[in-house]
There are 2 protein chains.
Amino acid sequence: MTATPTLPEMCAALGDQTRWDILTRLGQEAMSASALARVLPVSRQAIVKHLDVLSEAGLVAAERRGREIVYAALGSRLNALAHELDRIGNAWDARLRALKSLAESPDEGRPDSRA
Amino acid sequence: MTATPTLPEMCAALGDQTRWDILTRLGQEAMSASALARVLPVSRQAIVKHLDVLSEAGLVAAERRGREIVYAALGSRLNALAHELDRIGNAWDARLRALKSLAESPDEGRPDSRA
DNA sequence: CGGAAATGCAACACTGAGGTTGCACATCCG
DNA sequence: CGGATGTGCAACCTCAGTGTTGCATTTCCG
């Protein structure tokens, strides 16, 4: 979590099936990397790397508990991303609607080209 | 967009800076691959590949106009993705809140607090 | 018609993401 | 203490994604 991750970085962090597998588990129950490795069909080291990426994106929180480190999924970052994507999507569609209405109503301050 | 893209697939499509550059342009103005190649610092072929990915994800629409193919950014898919991410994020946080309240008041735990 | 402009197809190169294995180090528990 | 158990670090491998170049093909316009 060096700084606020960029939008592509956030999406890239979420663009991997294994990471979603991890997130799904962590969304149900906080657990350690070793525990995840026991449940998922990948090595612990791979899990650790994914957890690093997810942590960098602010999607998981790590908490040291004795000799193990327990991770939990954080919804807040995901909600923030969702909000941003929603805004962008609305902007695109607004643009499309504007173009469409312009095409459908030719007398909107546009020189007459037909009659 | 053969079938509904999976969540990781959608995010992966959005996990590239160049594709965001393309989407940003297409969100402002519909244009062809060649036109994009003139504006962006990558070759037309690279643009075409990215447009294929974006099209597969349902994020852009292609329309043939004469000898060229004009692409436009579609906000609807992005809004749908945003909605899904928001739901998931809320679920995670709900889980966290449930655990926290459970830990603080072990006797008054409620299994479901849905409104 | 003839050329400019756009797309389509294919082979190729390079980098990095994802994954593995092996071992060293830390930490808890019986 | 001593053995599990968990984490940390590093070298290594493989392949798909990103990008390039070159050329063939389609399509419009003067």
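Letters go in sequence order (proteins before strands), and every chain restarts at 1.
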Between atom [atom1] in [X] and atom [atom2] in [N], what is the gap in whole Å?
X: A:Asp52; N: C:dG16; atom1: CG; atom2: P; result: 18 Å
X: B:Arg44; N: D:dG22; atom1: CZ; atom2: C1'; result: 11 Å
X: B:Leu51; N: C:dT7; atom1: CG; atom2: C1'; result: 12 Å
X: A:Asp21; N: C:dG18; atom1: CG; atom2: P; result: 13 Å
X: B:Ile47; N: C:dG8; atom1: CD1; atom2: C1'; result: 16 Å
X: B:Lys49; N: C:dC12; atom1: NZ; atom2: P; result: 13 Å
X: B:Ile69; N: C:dT7; atom1: CD1; atom2: P; result: 6 Å
X: A:Glu63; N: D:dT7; atom1: CD; atom2: P; result: 13 Å

Considering only C:dG19, D:dT7, C:dG8, which nucleotide approaches the side chain of A:Val42 most closely?
C:dG19
Do [X] and [Y] belong together in a cluster built from hydrophobic side chains that touch within less than 4.5 Å?
X: A:Trp20; Y: A:Leu51; value: yes
X: A:Val42; Y: A:Val53; value: no
X: B:Leu85; Y: A:Leu7; value: yes

Taking 4.0 Å as the cut-off, does a side-chain nitrogen or oxygen of [X] come that near to OP1 or OP2 on [N]?
X: A:Thr18; N: C:dG18; result: no
X: A:Ser43; N: C:dT20; result: yes
X: A:His50; N: C:dG19; result: yes

Taking for A:Arg67 and for A:Asp16 the nucleotide of DNA chain C with the nearest heavy atom, the one nearer the 5' end belongs to A:Asp16
Between A:Arg64 and A:Val53, which residue's closest nucleotide on DNA chain C lies nearer the 5′ terminus?
A:Val53
Name the nucleic acid region contacted by B:Arg65, choosing base, sugar-phosphate or nothing; use a 4.0 angstrom heavy-atom cut-off, strictly under.
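Here B:Arg65 touches no strand at all.
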With sugar-phosphate meaning primed atoms plus P, OP1 and OP2, does A:Glu68 contact a base, only sugar-phosphate, or nothing at under 4.0 Å between heavy atoms?
sugar-phosphate
Is B:Leu36 close to B:Asp21 at the side-chain level, that is, under 4.5 Å between some pair of heavy atoms?
no
Is the closest side-chain heavy-atom distance between A:Leu23 and B:Trp92 below 4.5 Å?
yes
Has the side chain of A:Arg38 got a donor or acceptor that lies under 3.5 Å from a partner of the other kind on the base of D:dG6?
no
When only distance counts, do a donor and an acceptor, one from the side chain of A:Arg19 and one from the base of C:dG18, lie under 3.5 Å apart?
no
